[in-house]
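Here's the structure we're looking at; comments come further down.
All values derive from a computational prediction rather than experimental measurement. Counting begins at 1 with the first residue of the sequence.
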Amino acid sequence: MKGIVSGGSQQTVDAGAEMLRRGGNAVDAAVAATFASFVAEAAISAPGGGGFALISGPDHEPRVYDFFCTMPGLGRDGPIPPDMDFAAVPVTFEGGIVEYFHAGRGSTAVPGNIAGLAQLLEDAGSLPLAVVLQPAIKLARDGFPLTKGQAYLIRIIGREILCYTPQSAAIFAPQGDLLGEGDHFANPALAKTLERIAVEGWESLYAGSLAELLLDEHRVHGGLITAEDLNDYRVVRREPLRFSYRDFTILTNPPPSLGGMLIAYALRLLEHVDLTEHIYGDWNHMTVLAEIMRSALIARHRDQPQRFQRPQEWAAWLASQQMDVDLADFARAVASGPPDTSPDLPDGPSSTTHISVVDESGLAVGITTTPGETAGYTVGSTGLLMNNILGEADLNPDGFHQWPPGMRLSSMMA
């Protein structure tokens with residue numbers, strides 16, 4: 001089948017293209033590409049993370065698959081243990097900016113990636129999971145030389161997280177130093193685990209042999225995930241958030257994710273900009289985008305749009321008097337123009353991974369996943385890297401570990 005695959009690395013898109021060549025559809029390609037990204041983009045994409053997918057096509061009503069992480073602790077007796085494995089670690093970004101995140105088992109929310117990808121494939125794919133896993137299995141077993149961009153992602157997450165445990169360090173720094181451009185990257189343990197999933201099914205991570213290994217990891221090393229957490233995890237199918245922008249209808253991620261609502265807010269501002277006056281990527285254009293992002297950040301903290309759980313609530317937010325005030329402030333900021341000097345604007349990779357596929361039938365799929373910065377450990381010797389979603393202050397504004405067990409966590413992904 002013909003189609004187009006877009007992703008964050010050559011290996012990622014090659015995996016999707018292989019499924020199309022085998023006669024698979026866009027869903028088969030997108031799922032295969034996402035599994036491959038767990039190897040090719042391992043610093044920002046992992047099987048122990050969570051994410052979202054949006055599917056639409058001639059024979060498919062638009063649908064969002066929410067397989068983001070949930071708060072662990074169902075069935076746990078007593079408070080959070082004082083010996084929880086939850087360590088603050090610094091991450092240094094470009095320009096020397098340092099932010100603190102948390103690693104360890106106590107930073108891991110209940111993962112959804114494996115369940116979500118399998119559910120999407122079961123509902124709308126055309127190839128079996130065992131076939132779709134093959135590119136990722138081969139990539140993890142044989143490895144590949146890191147490109148400059150892939151090495152950058154490893155470097156930016158850094159040693160403090162990626163080498164938090166010997167098991168994770170063996171993947172990202174097998175000779176002691178973090179792998180760099182041109183170095184060989186592989187995860188043969190993950191290849192064996194994916195082969196196990198191909199045989200046992202995706203349920204292995206939630207109620208099978210892999211689940212037992214994950215539970216042992218958390219029992220022994222101060223984590224929070226329980227058997228009830230894994231047994232109760234469900235992929236949620238949602239109606240997309242739908243709004244208009246110029247002559248387009250936009251479909252994106254609805255609550256409890258914040259990302260879709262903030263994109264709706266940003267495009268509401270952008271509607272008032274004459275894009276023909278700007279050259280893509282020049283300083284004037286970047287000033288407009290910076291002002292939009294600044295406004296969205298202010299609105300996020302001021303209005304707390306995560307409160308809007310029904311379409312009429314977020315629609316009223318976008319039509320409120322405050323929105324008119326924000327539009328006027330935005331117009332004044334843009335009219336004032338950019339600073340007198342225009343700094344260099346270096347290219348750089350994004351902070352998580354997204355995959356888009358469209359096949360010749362018109363079926364379209366977008367998948368975004370993240371493990372945060374990873375939690376710095378693998379599940380035993382399985383090669384399964386886990387998420388640190390509970391260790392990101394941005395996603396836990398009221399403090400860490402404050403959500404009730406079982407709650408679907410919010411996200412900025414759209």
Side-chain angles (χ1 to χ4, degrees), residues 4 6-10 13 41 43-44 90-99 101 147-158 181 243-250 252-253 257-303 305 317-318 322-356 366 368 370 373 392-394 411-414:
I4 300 172
S6 171
S9 72
Q10 188 64 53
V13 299
E41 304 165 55
I44 59 168
V91 173
T92 303
F93 294 97
E94 292 293 339
I97 299 173
V98 177
E99 289 188 33
F101 297 87
T147 66
K148 181 179 180 180
Q150 289 164 326
Y152 168 84
L153 293 174
I154 291 174
R155 185 177 75 253
I156 207 70
I157 300 300
E181 182 181 0
F243 61 93
S244 297
Y245 169 69
R246 301 184 191 265
D247 296 327
F248 296 94
T249 298
I250 308 295
T252 185
N253 203 4
S257 173
L258 283 172
M261 286 187 287
L262 292 178
I263 284 182
Y265 175 95
L267 292 180
R268 179 82 169 84
L269 297 180
L270 193 61
E271 278 185 319
H272 295 262
V273 176
D274 184 356
L275 296 176
T276 64
E277 296 180 352
H278 298 279
I279 299 173
Y280 180 83
D282 73 2
W283 185 232
N284 288 286
H285 178 223
M286 299 303 288
T287 298
V288 170
L289 297 185
E291 286 297 334
I292 287 175
M293 288 187 278
R294 182 185 66 84
S295 298
L297 182 63
I298 291 172
R300 176 193 175 192
H301 293 287
R302 180 193 65 209
D303 301 336
W317 176 55
L318 293 177
Q322 182 61 58
M323 187 76 219
D324 292 336
V325 173
D326 291 355
L327 280 167
D329 290 343
F330 168 70
R332 281 192 295 271
V334 171
S336 66
D340 294 334
T341 58
S342 299
D344 293 332
L345 300 173
D347 294 330
S350 59
S351 57
T352 187
T353 197
H354 180 83
I355 292 160
S356 298
T368 310
T370 184
E373 294 72 36
E392 291 196 358
D394 191 51
S411 168
M412 295 295 289
M413 294 194 291

Rounded to the nearest 0.5 Å, what's the gap from [atom1] on [X] to [atom2] on [Y]? Could you check?
{"X": "Gln150", "Y": "Glu181", "atom1": "CD", "atom2": "CD", "value": "10.0 Å"}
{"X": "Leu267", "Y": "Ile292", "atom1": "CG", "atom2": "CD1", "value": "7.5 Å"}
{"X": "Thr368", "Y": "His354", "atom1": "OG1", "atom2": "NE2", "value": "4.5 Å"}
{"X": "Ser295", "Y": "Asp329", "atom1": "OG", "atom2": "CG", "value": "7.5 Å"}
{"X": "Ile298", "Y": "Tyr265", "atom1": "CD1", "atom2": "OH", "value": "7.5 Å"}
{"X": "Leu262", "Y": "Thr252", "atom1": "CG", "atom2": "OG1", "value": "10.0 Å"}

Heavy-atom closest pair, residues [X] and [Y]:
{"X": "Gly260", "Y": "Ala414", "answer": "N-CB, 3.7 Å"}
{"X": "Phe330", "Y": "Val288", "answer": "CE1-O, 3.9 Å"}
{"X": "Ala299", "Y": "Pro305", "answer": "O-CD, 4.0 Å"}
{"X": "Leu153", "Y": "Ala43", "answer": "O-CB, 3.7 Å"}
{"X": "His278", "Y": "Asn284", "answer": "ND1-CB, 3.8 Å"}
{"X": "Ser411", "Y": "Ser257", "answer": "O-OG, 3.2 Å"}

Note to self: Give me each pair satisfying salt bridge (charged side-chain N to carboxylate O under 4.0 Å, His left out) with a member in residues 294-303, each pair once, sequence neighbours excluded.
What the structure shows: Glu291-Arg294, Arg300-Asp394, Arg302-Asp326
Notebook entry, point to check: How about Asp247: does its CG atom have over 12 heavy atoms from other parts shown lying under 6.0 Å from it?
Noted result: no
Notebook entry, point to check: Can you list the residues that meet the side-chain contact (heavy atoms from CB on, under 4.5 Å) rule with Leu327, with sequence neighbours excluded?
Noted result: Arg268, Leu269, His272, Met323, Asp324
Checklist line | Trace of the side-chain contact (heavy atoms from CB on, under 4.5 Å) decision for Phe243 with Thr249 | finding: CA-CA 6 Å; Phe243 61 93; Thr249 298; over 6 Å; no
Margin query: Can you confirm whether Tyr280 sits close enough to Leu275 that some side-chain heavy atom of one is under 4.5 Å from a side-chain heavy atom of the other?
Written below: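 In short, these two side chains do not touch, never coming nearer than 4.5 Å.
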Margin query: I'd like to check Met261 versus Trp317 (side-chain heavy atoms, cut-off strictly below 4.5 Å). Are they in contact?
Written below: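 SC-SC contact between Met261 and Trp317 confirmed.
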Notebook entry, point to check: Just by distance, with hydrogens left out, do Thr287 and His285 show a side-chain donor and acceptor under 3.5 Å apart?
Noted result: no
